[in-house]
Amino acid sequence: MYDEEQMIPYDGVVEIPKEIQKIRDPIIFNLTKRELLFVSMGLMMAAVSFWGLYRWMGVRNPVFVLLPVLIASPCLLFAFIRPMGLNLEDWLTIWMSNNIKSAPVRKLFAQNAYEKAWELAKAHEEKARGVKKKNGWKRKSRGRTKGAGNIKKQKSIYKIRQ
């Protein structure tokens, strides 16, 4: 049987060999379905823009051919560029979630449970001591101070008597 030392627990990650990762399933002209879709979209966008410039706008200059090429280039980039072995749209999604959507500075909000319990115990003792002496919360007056004639700014309207 198996020794427990030899058994490795499953952590949900399966490593795919590099030979299998590079396998392509070409359909036509050595293009995969995804590449064929993006290339055909790019060609259609270029043809429509070329026809629109030539027919509707009447542009006859040979330099205007650059505009349809520029319009089709994003589709060609999505078809053939694979940064870090990922499709460009997958890579852009990951990049946006890490660099744009997430907070630039991540703050750590950690509180020591012992310190929190200590603060609660101290507050409970103060409250119990205040009840015994009958000195609880009292409202401070908001009026003018004696003799000064001006209004004194306060941080809080409640004060604990000690």
query: Any chain of hydrophobic side-chain contacts (each under 4.5 Å) joining I28 to F38?
result: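 Not linked; separate clusters.
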- request: Check the hydrophobic clustering (I, L, V, M, F, W, Y; side-chain heavy atoms under 4.5 Å; chains of links allowed) and say if M84 and M96 are grouped together.
  value: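 Looking at the clustering, M96 is in the same group as M84.
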query: Side chain of E119, backbone of K116: donor and acceptor closer than 3.5 Å?
result: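 Side chain of E119 to backbone of K116, a donor-acceptor pair under 3.5 Å: no, none is there.
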Atom pairs and distances, side-chain donor-acceptor, residues 39-54, under 3.5 Å, sequence neighbours left out:
{"unit_1": "S40", "atom_1": "OG", "unit_2": "L36", "atom_2": "O", "d": "3.0"}
{"unit_1": "S40", "atom_1": "OG", "unit_2": "L37", "atom_2": "O", "d": "2.8"}
{"unit_1": "S49", "atom_1": "OG", "unit_2": "M45", "atom_2": "O", "d": "3.1"}
{"unit_1": "S49", "atom_1": "OG", "unit_2": "A46", "atom_2": "O", "d": "2.9"}

task: Report the hydrophobic cluster partners of Y114, with the cluster defined as I, L, V, M, F, W, Y residues connected by side-chain heavy atoms closer than 4.5 angstrom, directly or transitively.
output: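 When side chains under 4.5 Å apart are linked, the cluster holding Y114 also contains W118.
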message: With a 4.0 Å cut-off on N to O distance, would you call E125 and K122 a salt bridge?
response: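 Looking at E125 and K122, the cut-off is not met.
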message: Under the rule for side chain to side chain contact (heavy atoms under 4.5 Å, CB included), what residues qualify as partners of N30, not counting sequence neighbours?
response: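 For N30, the residues satisfying side chain to side chain contact (heavy atoms under 4.5 Å, CB included) (neighbours in sequence not counted) are R24, P26.
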message: Applying salt bridge (Lys or Arg N to Asp or Glu O under 4.0 Å) as the test, list every pair that has at least one member in residues 87-97; sequence neighbours left out.
response: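 Qualifying pairs, neighbours excluded: R34-E89.
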- request: List the steps, then state whether side-chain contact (heavy atoms from CB on, under 4.5 Å) holds for R82 with N87.
  value: CA-CA 5 Å; R82 292 180 57 89; N87 297 333; 2.4 Å; yes
Could you give the side-chain donor-acceptor pairs of residues 67-81 under 3.5 Å, partners two or more places apart or in another chain?
{"unit_1": "S73", "atom_1": "OG", "unit_2": "L70", "atom_2": "O", "d": "2.8"}

